[in-house]
Amino acid sequence: MSALQTVSALIYLISAVCYVLGVHMMRSPKTARHGNGLSAIGMFLAVITIIVTIIVEGTIDSVGWIVLILGLALGILYGMVKARKVPMTDVPQLVSLFNAVGGGAAAVIGIFDYLLKGDGATLSLAFSLPVFLDVVIGGITFSGSLIATGKLSGKVPGKPITFPGARLLNIIVVVAILVSAWFMMASPTNVWYVILALVMSLIFGLLMTLPIGGADMPVVVSLLNAFTGLAVAFAGFVINNQVLIIAGALVGAAGTILTLQMADAMNRSVANILAGGFGTGDSDANSTADAVPVDVKETSADDIGLQLAYAHNVMIVPGYGLAAAQAQHEVAELAKVLTDKGINVDYAIHPVAGRMPGHMNVLLADVNVPYEQMKQLDDANPMFENTDVSLVIGANDVTNPLARESGNEISGMPILDVDKSKSVVVIKRSMSTGYAGIQNPLFSMDNTQMFFSDAKKGLQDIVAATKQYLE
Amino acid sequence: MSEELFTNLAIFVLSLLVGFEVMSKIPATLQTPMMSGANAIHGVVVVGAFVIAAEANSWPFYILAFLGAFFSAVNVAGGYTVTDRMLGMFDRKPAAKQGEADRK
């Protein structure tokens, strides 16, 4: 090892330590921001090191500098503008977009090195196998994450997209990927096999994500994030750079754990989600709900205002519908009107409320909801007995008492015990079911009233009514 | 198996284990920022973009180097910025610390 190699290897090691400690610090809200900062310092160190390395080695030509600087400048500009402008409701799709480009970059590096070194030379398995994994995993994440971004932002229909022969096409694509792998290792001189592997993995990414419903997308985004981590790690094998291997493996493991935790909170297995064809992402209007008349009590904004004004403890239960209607400002305003008059207001947040685990917390933090008012499932559930009014906004499956019984889709799923509060008000657009597709008996209980409205509009009316009774 | 490959493989496996260990038991509150933060970290692929740009010597390679640099720069710059924005929202509550102690 030359002096430069030794020093740069040591700095890469420091930057890897920054990533690990940074991620570790993100476990608590107190240190999370510093953790992210530490991780960014690690990134900065890695970039400085590689800049010094390529300058000292001097193999880069002037055109190389130009394409590099141009690419970096445009990328930084685009990424920063996107990240600064994004409304907090759209964060999940942005994360997915950034994930796509990460996978794309990893695939590009694999293709580059294969084309450069594969030209007429005999390649070892130790080289061509990581290249293959890098290109294929990178390609799958690139197209898969773009579809996920589209589904989350509504540009691609959120409902599962399936077509006849999809299974057969899947098999053909997988076989083509394996065949290209074989030829990439056996005859590295032919560039067409790596191109075949890339195209097939891009198609596989599409086929994998299209049949999955919008509500399951967060789990898919997390899984693809893990994939990108692995693609980056394999890119590290290809260019023999350990900081890529360490950081990639770290993200791969992190993404895997997040995926499993999320699937758990939704009471689904990852295999089940990937099989697709289930879940619509939003209320399913033509489900059995309309066929079965349910005995429910309807209420008005005025009546809800009255109930809230005379309550001591109010629990707000925000759900997917709130995030979809972007009604977080209205909900925060209502809470403020109540707390100003001395009424206790808390938020009961299910782990998968919103569009991603923890996304609801981000949305509420964005509108200045105090952190101490946000109660997680385990803290919220004992509080319902002393709650006068539970205000359920666009949440369905996460409040369904059927989860406590056996023999249905959501059996065993952790839920918020809304039904234990003295009175329940549900704001919902219609009687349609949630993404699990089953009825919620909570809606027809004696102490439950339904208020059929869009979350945003309904909350505005309730705020107006409540003010009237509090003054 | 070459020595180089073996070393890299050992690093890979150990890093996976460290990742599993560090990431277990994350509060649900922080899962979205955490995912975004992890997303920013795999932007380290930008190092690879520098490596290939230094080796590029003809147009197809320059185009690939440009793509690699662009993609990875979006990932790094965007990833860290949006994660910081999200975490800043949790940060700005001075009462956050007390809130945790108060629960239950």
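Quick note: numbers below take in every heavy atom, side chains included, and nothing from hydrogens, waters or symmetry partners. Naming: A, B, ... by sequence-line order, numbering from 1 per chain. Keep in mind the model is a prediction, meaning the values are calculated, not measured.
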**Fill in**
side-chain contact (heavy atoms from CB on, under 4.5 Å) with A:N240: of B:N8, B:L5, B:V51, only one passes, and it is B:N8
With a 4.5 Å heavy-atom cut-off, do [X] and [Y] have their side chains touching?
{"X": "A:L70", "Y": "B:F70", "value": "no"}
{"X": "A:M88", "Y": "B:M89", "value": "yes"}
{"X": "A:T53", "Y": "B:F50", "value": "no"}
{"X": "B:L30", "Y": "A:P29", "value": "yes"}
{"X": "A:I66", "Y": "B:Y62", "value": "no"}
{"X": "A:M262", "Y": "B:M35", "value": "yes"}

Name the member of [options] that forms the most heavy-atom pairs with chain B at distances under 4.5 Å.
{"options": "A:I239, A:V81, A:N361, A:I111", "answer": "A:N361"}
{"options": "A:A233, A:G79, A:A249", "answer": "A:A249"}
{"options": "A:L97, A:L260, A:L94, A:N99", "answer": "A:N99"}
{"options": "A:M26, A:M80, A:M43", "answer": "A:M43"}
{"options": "A:G248, A:G252, A:S222", "answer": "A:S222"}
{"options": "A:D346, A:L244, A:I54", "answer": "A:L244"}

With a 4.5 angstrom heavy-atom cut-off, is it the side chain or the backbone of [X] that approaches chain B, or both, or neither?
{"X": "A:E57", "value": "neither"}
{"X": "A:M383", "value": "neither"}
{"X": "A:L21", "value": "neither"}
{"X": "A:Y78", "value": "side chain"}
{"X": "A:D113", "value": "side chain"}
{"X": "A:N36", "value": "both"}
{"X": "A:L258", "value": "side chain"}
{"X": "A:L377", "value": "neither"}
{"X": "A:T49", "value": "neither"}
{"X": "A:V91", "value": "side chain"}

**Asked** A:R27 side chain to B:M23 main-chain N or O, any donor-acceptor pair under 3.5 Å?
**Response**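 Answer holds: no.
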**Request:** For B:R85 and A:V86, indicate whether the former's side chain and the latter's backbone hold a donor-acceptor pair under 3.5 Å.
**Result:**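 Present.
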**Message:** Set out, in order, the CA-CA distance, both residues' side-chain angles and the distance that settles side-chain contact (heavy atoms from CB on, under 4.5 Å) for A:V67 and B:F61, then state yes or no.
**Reply:** CA-CA 10 Å; A:V67 291; B:F61 289 128; over 6 Å; no
At a 4.5 Å cut-off on heavy atoms, which part of [X] comes close to chain A: side chain, backbone, both, or neither?
{"X": "B:V44", "result": "both"}
{"X": "B:A56", "result": "both"}
{"X": "B:V76", "result": "side chain"}

Of the listed residues ([options]), which shares the most heavy-atom pairs with chain A below a 4.5 Å separation?
{"options": "B:V45, B:D84, B:N39, B:N75", "value": "B:N39"}
{"options": "B:S15, B:A65, B:G19, B:A77", "value": "B:S15"}
{"options": "B:I11, B:V46, B:V47", "value": "B:V47"}
{"options": "B:I52, B:I63, B:L14, B:V18", "value": "B:I52"}
{"options": "B:G37, B:G48, B:S58", "value": "B:G48"}
{"options": "B:S36, B:A53, B:P60", "value": "B:A53"}

**Complete:** Taking every heavy atom of B:A49 against every heavy atom of A:I109, the minimum-distance pair comes out as N-CD1, 3.7 Å
**Asked** Which heavy atom of B:E55 sits nearest a heavy atom of A:F112, and at what distance?
**Response** OE1-CE2, 3.7 Å
**Request:** Decide side-chain contact (heavy atoms from CB on, under 4.5 Å) for B:V82 and A:K82; before the verdict, give the C-alpha distance in whole Å, the side-chain angles of both, and the deciding distance to 0.1 Å.
**Result:** CA-CA 9 Å; B:V82 78; A:K82 275 275 190 189; over 6 Å; no
**Prompt:** Regarding A:D61 and B:N57, is there a side-chain donor-to-acceptor distance under 3.5 Å anywhere?
**Reply:** no
